[in-house]
Amino acid sequence: MSPSSRTSRLARDFFDRDVHEVSRDLLGARVSHDGVTVRITEVEAYGGIGDPGAHAFRGKTPRNAVLFDRPGSLYVYFTYGMHFCSNLVAGPHGQGAAVLLRAGEVIDGEDRARERRDVPGKPPVPARDLARGPARLAVTLGLSRPHNGLDTVAPDCPVLVSAPNGSVRGPVRTGPRVGVTGPGGDGDVYPWRYWLEGEPTVSAYRPGVLRKRRTRP
DNA sequence: CTCCAGATATACT
DNA sequence: GTATATCTGGAGC
C-alpha cells in the first residue's frame with residue numbers, strides 16, 4: 001500500500017458530532033468490507049427525530065432502533081421490497097441522526113465487487129456504476145441485514161470506515177431537499193445532500209420522483 | 001437523459 | 001387492512 005493511501009479507522013468522536021459535519025467529513029472516506037473498498041463520493045444527512053424524511057421521524061421503533069445506538073453504528077435497512085441501504089449513525093447520541101451512504105468509487109477489490117454486481121449473461125456493469133446509488137453501494141460492499149447494528153468504531157468490526165491521513169479532498173457541494181418541508185413548515189428546505197464536485201460516480205439528482213400510485217388491481 | 005414497473009417489510013388506521 | 005418507502009434496471013428519447 002502506498003503512503004498516500006494509508007488510512008486509519010475513524011473514532012467515536014468523529015461520528016459523535018452534528019450529522020451535517022459528519023456527512024461532509026465522510027466524503028472522501030473509505031468503507032471496506034469483505035474484500036471491497038469504496039471511496040465515498042455522495043451522502044445524505046438525516047436529522048433523526050423531527051426530520052420528516054428520516055426513519056426516526058416518529059421516534060424509536062424495532063426497525064429503526066439502531067439509529068439510536070452509539071454514533072458510528074451501522075444502520076442497514078431493507079426497502080422497496082428488494083433493496084438494502086446503509087447509514088452511519090451520527091450525533092448527538094440518542095437523536096436518531098444518521099448519514100446515508102449514497103454513492104462511491106470502488107478503489108479496491110473490483111473483482112470481488114463484480115462477483116456481486118455483474119449479472120451472468122449480461123454486459124458487465126460500467127465501473128462507475130458499481131457503487132453509484134445507495135442500494136448498489138450496499139450490494140458492492142456485501143452489506144445486508146446481518147450487518148445492521150455493527151459498531152464500526154470497534155477495532156474488530158468487519159466493516160471498516162477509515163479516512164486517508166492528511167489527504168486533500170475536492171470541493172464539497174450541497175443540495176437542498178426537494179419537495180419536503182422541514183419542521184419549520186412551508187418552504188423550509190434543509191440542505192441535506194453532500195457530494196464531491198466533478199465525481200463521475202455521483203448521479204444527477206432525481207428530483208421529486210413522483211411515485212405513481214401502485215398499479216391498482 | 002427521462003419515464004416507469006416491480007415486489008415486500010414496516011408502521012399506521 | 002392499507003399506504004408508504006433514504007431505489008433500481010430497463011425501455012424509450
Side-chain angles (χ1 to χ4, degrees), chain A residues 15 19-20 22-24 26-27 31 38 40-69 73-90 95-104 106 113-114 116-149 174-183 189-195 200-217:
Chain A
F15 295 102
V19 66
H20 294 279
V22 177
S23 297
R24 225 188 110 84
L26 276 174
L27 294 173
V31 180
V38 163
I40 300 299
T41 56
E42 180 185 359
V43 299
E44 268 173 10
Y46 285 84
I49 298 171
D51 177 355
H55 283 183
F57 179 47
R58 293 166 207 274
K60 192 171 174 178
T61 69
R63 181 204 200 189
N64 68 21
V66 170
L67 287 173
F68 297 85
D69 281 354
S73 297
L74 184 69
Y75 173 53
V76 182
Y77 67 91
F78 186 63
T79 190
Y80 282 94
M82 55 193 118
H83 302 302
F84 289 97
C85 296
S86 47
N87 300 246
L88 289 164
V89 176
Q95 235 225 291
V99 181
L100 169 69
L101 305 178
R102 284 199 61 89
V106 174
R114 289 195 173 282
R116 304 188 177 119
R117 291 276 291 124
D118 281 342
V119 181
K122 295 197 177 175
V125 175
R128 81 191 65 171
D129 287 347
L130 284 172
R132 184 167 97 162
R136 291 160 161 181
L137 187 148
V139 171
T140 286
L141 283 175
L143 297 177
S144 60
R145 206 184 299 282
H147 308 97
N148 186 38
T174 71
R177 186 175 201 167
V178 176
V180 179
T181 57
V189 288
Y190 182 48
W192 67 338
R193 185 168 166 262
Y194 300 82
W195 69 95
T201 50
V202 178
S203 61
Y205 187 41
R206 284 147 91 134
V209 187
L210 280 183
R211 212 166 296 298
K212 250 176 84 173
R213 277 173 170 270
R214 58 179 305 168
T215 45
R216 203 184 30 67

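Residue numbers begin at 1 in each chain, while the letters A, B, ... track the order of the sequences. The figures here come from the full heavy-atom set of this structure, side chains too, leaving out hydrogens, waters and symmetry mates.
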First of A:His83 and A:Arg145 reached from the 5' end of DNA chain B, by closest nucleotide: A:His83

Check residues 138-145 of chain A and write down every donor-acceptor pair under 3.5 Å in which the side-chain atom is one partner and the other belongs to a residue at least two apart or another chain.
| unit_1 | atom_1 | unit_2 | atom_2 | d |
| --- | --- | --- | --- | --- |
| A:Thr140 | OG1 | A:Leu130 | O | 2.5 |
| A:Thr140 | OG1 | A:Arg136 | O | 3.2 |

Round to the nearest Å and state the distance from [X] atom [atom1] to [N] atom [atom2].
{"X": "A:Tyr75", "N": "B:dA9", "atom1": "OH", "atom2": "P", "answer": "15 Å"}
{"X": "A:Phe84", "N": "B:dA7", "atom1": "CZ", "atom2": "P", "answer": "17 Å"}
{"X": "A:Phe57", "N": "B:dT10", "atom1": "CZ", "atom2": "C1'", "answer": "17 Å"}
{"X": "A:Met82", "N": "B:dA9", "atom1": "CE", "atom2": "C1'", "answer": "12 Å"}
{"X": "A:Arg63", "N": "B:dC12", "atom1": "CZ", "atom2": "C1'", "answer": "13 Å"}
{"X": "A:Arg58", "N": "B:dA11", "atom1": "CZ", "atom2": "P", "answer": "11 Å"}
{"X": "A:Lys60", "N": "B:dA11", "atom1": "NZ", "atom2": "P", "answer": "13 Å"}
{"X": "A:Tyr77", "N": "C:dC7", "atom1": "OH", "atom2": "P", "answer": "6 Å"}

Proximity to DNA chain C (any heavy atom under 4.0 Å), residues of residues 117-128 of chain A only: A:Arg117, A:Lys122

Members of residues 134-144 of chain A that approach DNA chain C, where some heavy atom sits under 4.0 Å away: A:Pro134, A:Ala135, A:Arg136

Test side-chain contact (heavy atoms from CB on, under 4.5 Å) applied to A:Leu26 and A:Tyr194, step by step: CA-CA 9 Å; A:Leu26 276 174; A:Tyr194 300 82; over 6 Å; no

A:Leu74/A:Val66 under side-chain contact (heavy atoms from CB on, under 4.5 Å): CA gap, chis, key distance, verdict: CA-CA 8 Å; A:Leu74 184 69; A:Val66 170; over 6 Å; no

Of the non-hydrogen atoms in [X] and [Y], which two are nearest, and what is the gap between them?
{"X": "A:Pro126", "Y": "A:Arg114", "result": "C-NH2, 4.2 Å"}
{"X": "A:Phe68", "Y": "A:Ala56", "result": "CZ-CB, 3.8 Å"}
{"X": "A:Ala97", "Y": "A:Val19", "result": "CB-CB, 3.9 Å"}
{"X": "A:Leu100", "Y": "A:Cys85", "result": "CD1-CB, 3.9 Å"}

Dot-bracket summary - DNA chain B, pairs being Watson-Crick or G-U whose distances fall under 3.5 Å, with | when paired to another strand: ||||||.|||||.

side-chain N/O A:Thr79 vs C:dC7 OP1/OP2, d < 4.0 Å: no

A:Arg102 vs C:dC7: side-chain N/O to OP1/OP2 distance below 4.0 Å: yes

Pairs where residues 116-147 of chain A contributes a residue and the test ring pair (Phe, Tyr, Trp, His ring centres under 6.0 Å) is met, not counting sequence neighbours: A:His33-A:His147

Test side-chain contact (heavy atoms from CB on, under 4.5 Å) applied to A:Ile40 and A:Leu137, step by step: CA-CA 10 Å; A:Ile40 300 299; A:Leu137 187 148; 4.2 Å; yes

A:Arg132 bridged to A:Glu42 by N-O distance under 4.0 Å: no

With sequence neighbours excluded, residues passing side-chain hydrogen bond (donor to acceptor under 3.5 Å, both in side chains) with A:Arg116: A:Asp34

A:Arg63 and A:Tyr75: CA distance, side-chain angles, deciding distance, side-chain contact (heavy atoms from CB on, under 4.5 Å) verdict: CA-CA 10 Å; A:Arg63 181 204 200 189; A:Tyr75 173 53; 4.2 Å; yes

Aro-ring/base stack A:Tyr80-C:dA5, d under 5.5 Å, angle under 30°: yes

